[in-house]
Novice: 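A single structure is presented below for examination.
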2 protein chains.
Amino acid sequence: MSSYNPDTRSRILKAALKLLEASQGKGVRMTDIAKRAGITRQALYLHFGTRAELLIATTHYLDDLKGADERLVASRMAQTGIERLDAFIEAWGGYIPEIHGIAKALLAMMDTDEAAAQAWGERMQDMREGCEAAIVALNRDDMLSPDYSPEQATDILWTMLSVRNWEQLTIECGWPQARYIETLKSLARRVLVADRTPD
Amino acid sequence: MSSYNPDTRSRILKAALKLLEASQGKGVRMTDIAKRAGITRQALYLHFGTRAELLIATTHYLDDLKGADERLVASRMAQTGIERLDAFIEAWGGYIPEIHGIAKALLAMMDTDEAAAQAWGERMQDMREGCEAAIVALNRDDMLSPDYSPEQATDILWTMLSVRNWEQLTIECGWPQARYIETLKSLARRVLVADRTPD
DNA sequence: CTGTCAATTGACACCGTGTCAAGTGGCTGC
DNA sequence: GCAGCCACTTGACACGGTGTCAATTGACAG
């Protein structure tokens with residue numbers, strides 16, 4: 001279902017990636033990808049059954065390329081809960097711009113395409129686990145705000161770190177990436193970390 | 001361009017609204033709306049030039065119906081900055097579920113349709129003004145966190161209150177509406193209001 | 001020399017939006 | 001009572017994008 005000439009296959013993935021990055025995920029058609037990969041549109045379907053399948057494969061390709069797992073796993077090395085929270089925000093927040101194009105394309109298909117919705121959902125679930133791990137670490141250190149249960153805190157962190165929010169702050173509000181990261185770290189602390197006022 | 005039989009026109013708007021609400025904005029075609037309004041698809045185009053135009057008209061119809069302006073303006077009556085922040089979050093946060101269906105449909109068109117993008121952008125700009133007013137009031141009371149400029153604070157509040165975030169928390173995380181409102185109020189305070197620890 | 005197989009060419013179906021031309025039926029004014 | 005207007009209908013079609021199919025080409029392998 002996906003193992004013809006491996007050379008062509010990765011040429012397709014590269015083409016898809018480039019186009020999606022360049023156009024921020026908007027208006028990239030099968031024809032365009034084929035053209036850029038130097039094959040015909042129909043040949044695309046010899047490698048990927050549907051547009052959604054190709055897009056999903058592209059995200060995995062990107063993950064490998066950028067070492068997504070390594071980055072996120074690294075954030076688990078941090079000692080204290082707070083360090084871990086910071087490290088996770090840096091890792092994920094720094095990864096968003098890299099996946100933004102493809103993420104947007106997938107996001108746009110979600111409403112109409114079941115497979116796309118599921119694939120994106122899975123990725124978001126993975127990301128959520130990172131949030132949860134940070135919250136658990138915070139809680140272990142007795143530093144989680146008493147206002148929220150670990151689950152609620154996870155929901156909040158997960159929502160704060162959504163791709164849409166990154167889009168809104170950096171693209172719509174014009175924040176530089178560095179400010180995005182710094183502000184999100186500060187926001188997360190204010191919201192999730194217990195006040196240590198009396199000490 | 002939009003003034004034939006006013007009866008039919010509002011029947012169309014009602015139909016569009018019902019369908020968009022019922023289906024959360026997903027998969028509502030011109031045919032469906034026409035059918036529900038009791039006319040043909042082609043007749044729709046006698047009243048609204050394009051799907052985007054119809055959707056936009058539907059949002060205005062909804063605003064009138066629900067008294068959107070009144071609600072949001074009411075939040076400006078509050079005395080202190082903090083009251084105003086709370087009032088605004090309650091007003092807007094309470095309005096989101098009502099517009100969610102149509103908002104999602106419009107949101108989905110944004111990538112492909114210039115007019116839809118612009119219309120949604122304008123609405124979000126209006127909403128942003130509400131955020132800004134609350135921030136300014138907070139600042140006037142000397143209660144705005146020194147960590148953020150009024151503009152940055154507005155960006156943050158505006159992003160926190162996005163429809164997408166509401167969707168994620170209520171629909172994906174399963175939060176009841178009341179919890180959404182309460183949590184967002186508490187979040188906004190923690191983030192935007194200056195610490196009054198020493199007194 | 002034959003078979004295999006990736007890829008090509010060209011055609012077509014499906015869907016949803018938007019357009020057009022000709023027809024229908026009701027109400028209005030003279 | 002009929003002429004004309006006008007909202008709406010019917011039916012057809014174009015367009016763009018995805019997905020499918022059949023027949024063909026050309027390379028390489030045994």
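Numbers restart at 1 for each chain; the letters A, B, ... are given by sequence-line order, proteins then strands.
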Novice: Considering only residues two or more places apart or on different chains, which pairs with a residue in residues 127-140 of chain B satisfy side chain to side chain donor-acceptor pair (under 3.5 Å)?
Specialist: B/Arg128-B/Asp155

Novice: With the threshold set at under 4.0 Å for non-hydrogen atoms, list the residues of residues 100-115 of chain B touching DNA chain D in residue-number order.
Specialist: none

Novice: Holding to side-chain hydrogen bond (donor to acceptor under 3.5 Å, both in side chains), I want the full list of residues that pass it with B/Asp113, two or more places apart in sequence or in another chain.
Specialist: none

Novice: Let's see if you get this right: which residues in residues 13-35 of chain B place a heavy atom under 4.0 Å from DNA chain D?
Specialist: none

Novice: Quick one: is B/His47 getting a side-chain N or O under 4.0 Å of the D/dA7 phosphate, OP1 or OP2?
Specialist: no

Novice: Identify, with sequence neighbours excluded, every residue that meets side-chain hydrogen bond (donor to acceptor under 3.5 Å, both in side chains) alongside A/Arg41.
Specialist: none

Novice: Could you tell me which residues satisfy side-chain hydrogen bond (donor to acceptor under 3.5 Å, both in side chains) with B/Asp64, sequence neighbours excluded, listed by chain and number?
Specialist: none

Novice: Whole Å only: how far is the CZ atom of A/Arg9 from the P atom of C/dA7?
Specialist: 12 Å

Novice: Give the table of side-chain donor-acceptor pairs shorter than 3.5 Å for residues 68-75 of chain B, with sequence neighbours excluded, one pair per line with atom names and distance.
Specialist:
| from | atom 1 | to | atom 2 | distance (Å) |
| --- | --- | --- | --- | --- |
| B/Arg71 | NH1 | B/Glu98 | OE2 | 3.4 |
| B/Arg71 | NH2 | B/Glu98 | OE2 | 2.6 |
| B/Ser75 | OG | B/Leu72 | O | 2.7 |

Novice: Name each donor-acceptor pair under 3.5 Å that joins a side chain in residues 86-94 of chain B to protein atoms two or more places apart or in another chain, with its distance.
Specialist:
| from | atom 1 | to | atom 2 | distance (Å) |
| --- | --- | --- | --- | --- |
| B/Asp86 | OD2 | B/Arg189 | NH2 | 2.7 |
| B/Glu90 | OE2 | B/Lys185 | NZ | 2.3 |
| B/Trp92 | NE1 | B/Leu161 | O | 2.9 |

Novice: Show me the pairs that pass ring-ring contact (aromatic ring centres under 6.0 Å, His included) and involve residues 128-158 of chain B, at least two apart or across chains.
Specialist: none

Novice: Can you check the A/Arg11 CZ to C/dA6 C1' distance for me, whole Å?
Specialist: 11 Å

Novice: If the condition is side-chain hydrogen bond (donor to acceptor under 3.5 Å, both in side chains), which residues does B/Ser149 pass it with, not counting sequence neighbours?
Specialist: B/Gln152

Novice: With the criterion being N/O to N/O and under 3.5 Å, what pairs connect the protein with nucleotides 8-10 of chain C, and how long is each?
Specialist:
| from | atom 1 | to | atom 2 | distance (Å) |
| --- | --- | --- | --- | --- |
| C/dT8 | OP1 | A/Thr40 | N | 3.4 |
| C/dT8 | OP2 | A/Thr40 | N | 2.9 |
| C/dT8 | OP2 | A/Thr40 | OG1 | 2.5 |
| C/dG10 | N7 | A/Gln42 | NE2 | 3.3 |
| C/dG10 | O6 | A/Gln42 | NE2 | 3.3 |

Novice: Return each pair, listed once, that meets ring-ring contact (aromatic ring centres under 6.0 Å, His included) where at least one residue sits in residues 99-124 of chain A; pairs must be two or more places apart or across chains.
Specialist: A/His100-A/Trp166

Novice: Hey, are the side chains of A/Ile33 and A/Arg36 touching, using non-hydrogen atoms and a 4.5 Å cut-off?
Specialist: no

